[in-house]
Structure formats: C-alpha cells, structure tokens
Amino acid sequence: MNNFKKCLVVMLLALPIAATSAHAATDGKSAQNNKMKTCSADFKTTGKDKSERKAFMSECLKKDGNPDKAAVSDKKKAQQEKMKSCNADAKAGGKKGDDRKAFMKECLSK
C-alpha cells in the first residue's frame with residue numbers, strides 16, 4: 001500500500017504539468033489555424049489565380065503579424081549600431097579603463 005500512495009502522489013503532482021503542456025500545445029495550434037484562416041481570407045480578396053496561392057500563403061504565414069515585436073527589433077538594431085559607433089570612437093580616441101567606461105556611458109546616453 002505504501003507504493004500505491006507514492007505512485008498516487010507522483011501522479012497528482014504531475015497532473016497540472018501535463019494539463020499545462022496540453023493547453024500550451026492547443027494554444028499554439030489554434031494560433032496557427034487562425035493565421036491560416038486569415039491568410040486564406042486575404043488571398044481570396046486579392047483576386048489572384050489559384051496557381052499563385054501557394055506562394056502567397058507561404059509569404060503570409062512567414063510574416064510575424066506582431067508590430068510591437070518589429071518595433072522592439074528596430075530599437076535593438078539602433079542600440080547595437082549606437083554601441084558599435086561609440087565603441088569605435090572610444091578606440092579611435094585611445095580611451096582605456098575608467099576613461100573608456102565614462103566615455104561609453106556618456107556616448108550611449110545621447
């Protein structure tokens with residue numbers, strides 16, 4: 001009976017984990033289905049020939065559809081370019097140690 005209790009406890013602890021992963025898989029699948037439906041509807045409004053559908057759907061499904069994510073990506077690229085520029089300026093100016101650190105802090109805050 002002791003083994004039975006241990007087994008029961010393990011099963012009860014594992015249940016929420018299994019339910020969560022099943023729910024996550026369902027959400028991902030329904031999101032993809034929604035995207036497919038949207039792309040298909042968009043294709044119908046274009047009036048293009050059916051032979052062009054495969055290429056259209058492929059491009060449509062590759063798009064992220066999240067403008068906030070694109071904005072974050074652009075901001076990150078801009079920050080990387082700024083870092084690159086400040087780093088080059090510090091190197092050209094022969095900055096080292098604390099002087100370089102202070103220069104970089106000032107340059108990046110502009």
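Fair warning: this is a prediction, and the values are worked out from it, not measured in the lab.
In this structure, CZ in Phe103 is found 5.0 Å from CG in Asp89, a value given to the nearest 0.5 Å. Rounding to the nearest 0.5 angstrom, the gap separating the CZ atom in Arg100 from the SG atom in Cys86 is 9.5 Å.
Cys39 pairs in a side-chain contact (heavy atoms from CB on, under 4.5 Å) with only one of the listed residues (Met57, Lys44, Glu59, Lys62), which is Met57.
Residues Ser40 and Arg53 meet the side-chain proximity criterion, which asks for heavy atoms closer than 4.5 Å. Using a 4.5 Å heavy-atom threshold, the side chains of Leu61 and Gln32 count as touching. Lys101 places none of its side-chain heavy atoms less than 4.5 Å from the side chain of Lys95.
Between Lys50 and Phe43, the closest heavy-atom pair is CA-CZ, 4.3 Å. The shortest heavy-atom contact between Lys82 and Cys107 is CE-O, 3.7 Å.
Using modelled atom types, no side-chain atom of Ser58 and backbone atom of Lys54 make a donor-acceptor pair closer than 3.5 Å. Here the side chain of Asn87 pairs no donor or acceptor atom with the backbone of Met83 at under 3.5 angstrom.
By the 6.0 Å contact criterion, CG on Asp98 is open, its count of non-hydrogen atoms from other residues, nucleotides or ligands being 12 or less. The environment of NZ in Lys91 is sparse: at most 12 heavy-atom neighbours from other residues, nucleotides or ligands sit within 6.0 Å.
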